[in-house]
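Only one structure is covered here, and it is reproduced in the block below.
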Amino acid sequence: MGKLLVLALTLVLAACGGGGEQRSAGAGAAPAGGGFRTWAPGVLTVGTELPNPPFVLGDDLDHLEGGFEVDMVNEIAKRLGIAKVEWVGFPFTKLVAGARCPCDFAVNGVSILPDRRQRVDFSSPYFTANQGVLVRKGTTVTGMIDARQLHFGVQEATSGAAYLEKILKPMRPPKTYGSTTAAFMALRAGQVDAVMSDVPIVVDAAHRYPGLAVAGQFKTDEQYGAVLAKGSPNTRPLSEVIDQLRDDGVLDQLFQRYFPEQVNIPTLG
């Protein structure tokens with residue numbers, strides 16, 4: 001698979017699978033720094049979906065162990081003057097479909113794409129990634145011609161799925177899965193030849209599963225952004241903080257900490 005903002009509009013909490021109770025974002029909460037108004041008073045509530053290494057490390061949102069997005073969010077909270085960060089689970093597929101997250105914003109390695117912009121707001125980008133190809137060790141992929149011969153697995157509704165459909169166009173239709181973990185399991189079991197996903201995700205998978213390796217990457221230069229409700233007044237103040245993190249070198253430091261190997265992955269096209 002391939003590869004590195006916000007004030008007081010009403011947010012609607014839609015329960016997964018049906019209507020939900022309505023609640024104003026930050027009801028009763030004073031704005032934080034820069035005019036950012038939180039969902040809950042004194043708490044920065046952030047959505048994601050596990051597993052999400054190395055962006056979010058840990059198996060329990062209440063006991064996280066770090067990660068690129070975790071460290072970034074902690075720094076965002078600090079600069080907004082918000083003392084507490086609370087993480088909530090929210091499915092990636094619902095997030096990119098525009099479902100309302102019961103959070104101030106969500107981070108989950110979400111690429112900023114034109115069709116997604118029609119449904120949600122994005123912050124300024126904080127990470128740029130390519131699409132990487134994960135294979136079983138011993139599989140050789142030297143370029144697009146080789147890659148098109150492979151039977152791919154991919155998580156549904158991802159930029160990797162879009163790349164396979166619109167750009168690579170492999171000879172066999174890819175198998176889609178509800179999560180990258182399910183796709184990785186299918187690859188290990190020999191049900192597919194390769195998995196397409198963002199480079200940091202496949203690099204982490206190669207570390208966790210000794211029989212797998214990253215064959216290469218397709219240069220797509222996708223940019224990740226935090227996801228907010230469409231029209232959120234929090235979009236601008238959040239973007240301003242993320243821009244500060246970039247200008248101050250914080251994002252580069254986090255990249256060096258969590259993704260030191262990406263520079264050595266061969267480019268396939």
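- A 6.0 Å sphere centred on CG of D59 holds no more than 12 heavy atoms belonging to other residues, nucleotides or ligands.
- Cluster annotation: F255 is connected to M72 through the hydrophobic network of ILVMFWY side chains, with a link wherever side-chain heavy atoms come within less than 4.5 Å.
- Cluster annotation: L61 is not connected to V88 through the hydrophobic network of ILVMFWY side chains, with a link wherever side-chain heavy atoms come within less than 4.5 Å.
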Practice item. Let me see the working for R257 and D252 under salt bridge (charged side-chain N to carboxylate O under 4.0 Å, His left out), right down to the final yes or no. Key: CA-CA 9 Å; R257 180 183 305 169; D252 283 340; over 6 Å; no
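- In this structure, T140 OG1 and D146 CG are separated by 7.5 Å, a value rounded to the nearest 0.5 Å.
- Considering only heavy atoms from C-beta on, L134 stays 4.5 Å or farther from F152 through its side chain.
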Practice item. For Y126 and V107, run side chain to side chain contact (heavy atoms under 4.5 Å, CB included): C-alpha distance rounded to whole Å, both residues' side-chain angles, the deciding distance at 0.1 Å, then the answer. Key: CA-CA 10 Å; Y126 59 81; V107 290; 3.8 Å; yes
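- Between A161 and A157, the closest heavy-atom pair is CB-N, 4.5 Å.
- For the 3.5 Å distance criterion, the side chains of T176 and E156 fail to qualify, holding no donor opposite an acceptor.
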Practice item. Kindly determine whether V154 and Y177 satisfy side chain to side chain contact (heavy atoms under 4.5 Å, CB included), including the steps that lead there. Key: CA-CA 6 Å; V154 66; Y177 299 90; over 6 Å; no
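- Using modelled atom types, one finds no donor on one side chain facing an acceptor on the other under 3.5 Å when comparing Y224 with N108.
- Residues V203 and I201 form no side-chain contact, since every pair of their non-hydrogen atoms from C-beta on lies 4.5 Å or further apart.
- For H151 (side chain) and P174 (main-chain N/O), no donor-acceptor pair under 3.5 Å exists by modelled atom type.
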**Study point:** K230/R119 under side chain to side chain contact (heavy atoms under 4.5 Å, CB included): CA gap, chis, key distance, verdict
**Key:** CA-CA 6 Å; K230 188 68 177 175; R119 298 183 289 271; over 6 Å; no
Practice item. Go through the steps for R79 and E75 under the test salt bridge (charged side-chain N to carboxylate O under 4.0 Å, His left out), then give the verdict. Key: CA-CA 6 Å; R79 296 193 180 207; E75 185 63 26; 2.9 Å; yes
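- Ring geometry for F68 versus F55: interplanar angle over 60°, hence perpendicular rather than tilted (30 to 60°).
- Under the 4.5 Å side-chain criterion, counting only non-hydrogen atoms from C-beta, Y258 is in contact with D71.
- Taking CZ of R100 as the start and NZ of K94 as the end, the distance is 14.0 Å to the nearest 0.5 Å.
- The closest side-chain heavy-atom distance from S124 to R246 is below 4.5 Å.
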**Study point:** Steps toward side chain to side chain contact (heavy atoms under 4.5 Å, CB included) verdict (V56, E69)
**Key:** CA-CA 6 Å; V56 179; E69 290 175 339; 3.9 Å; yes
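- Here the rule is side-chain contact (heavy atoms from CB on, under 4.5 Å) with N74, and of V85, L44, L64 only V85 fits it.
- Annotation: side chain of F218 is not in contact with side chain of T267 (no heavy-atom distance under 4.5 Å).
- When only modelled atom types and interatomic distance are considered, D104 and T38 share no side-chain donor-acceptor pair under 3.5 Å.
- For residues 188-212, no pair satisfies ring-ring contact (aromatic ring centres under 6.0 Å, His included), with sequence neighbours left out.
- Checked by atom type and distance alone, the side chain of K78 never pairs as donor or acceptor with a backbone atom of A83 at under 3.5 Å.
- Remark: L245 CG to L254 CG distance equals 8.0 Å, nearest 0.5 Å.
- The CG atom of L164 sits 13.5 Å away from the CZ atom of R172 when rounded to the nearest 0.5 Å.
- Counting only N and O atoms by type, the side chains of E86 and T45 include no donor and acceptor under 3.5 Å apart.
- The cluster map of Ile, Leu, Val, Met, Phe, Trp and Tyr, joined by side-chain heavy atoms under 4.5 Å apart, puts I112 and V110 in the same cluster.
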Check your understanding: Could you walk me through whether S232 and D121 pass the side chain to side chain donor-acceptor pair (under 3.5 Å) check?
Key -> CA-CA 7 Å; S232 171; D121 273 5; 5.4 Å; no
Exercise for review: Determine, step by step, whether R117 and D115 satisfy the salt bridge (charged side-chain N to carboxylate O under 4.0 Å, His left out) criterion, reporting the C-alpha distance in whole Å, the side-chain angles of both residues, the deciding distance to 0.1 Å, and the verdict.
Suggested key: CA-CA 5 Å; R117 280 190 181 276; D115 63 324; over 6 Å; no
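- Two residues are said to be in side-chain contact when any heavy atoms from C-beta on lie closer than 4.5 Å; V202 and Q217 fail this criterion.
- Shortest non-hydrogen contact noted between S111 and R116 is O-NH1, 3.0 Å.
- Contact annotation: the side chain of Q223 never approaches that of F127 to less than 4.5 Å [non-hydrogen atoms, C-beta and beyond].
- In plain terms, the two heavy atoms of P54 and D204 that are nearest each other are CD-CB, 3.9 Å.
- Here the closest heavy-atom approach between residue E165 and residue K169 is recorded as O-CG, 3.4 Å.
- Note that the CZ atom of R188 and the CD atom of Q191 stand 12.0 Å from one another [nearest 0.5 Å].
- Counting all heavy atoms, side chain and backbone alike, T181 lies closest to P51 at OG1-CG, 3.2 Å.
- Without hydrogens or angle criteria, E222 side chain to S159 main chain gives no donor-acceptor distance under 3.5 Å.
- The two atoms that bring G190 and R136 nearest to each other are CA-NH1, 3.4 Å, heavy atoms only.
- Side-chain contact between M144 and L268: absent, with no pair of heavy atoms (C-beta onward) separated by less than 4.5 Å.
- A single hydrophobic cluster is not seen to contain both V241 and V43; linkage of ILVMFWY side chains at heavy-atom distances under 4.5 Å, directly or through other members, places them apart.
- Here the CG-OG1 distance, from L150 to T139, works out to 7.0 Å after rounding to the nearest 0.5 Å.
- Panel note: side chain E49, backbone F90; no donor-acceptor pair is recorded below 3.5 Å.
- Residues I82 and V250 share a hydrophobic cluster, clusters being chains of Ile/Leu/Val/Met/Phe/Trp/Tyr side chains in contact below 4.5 Å.
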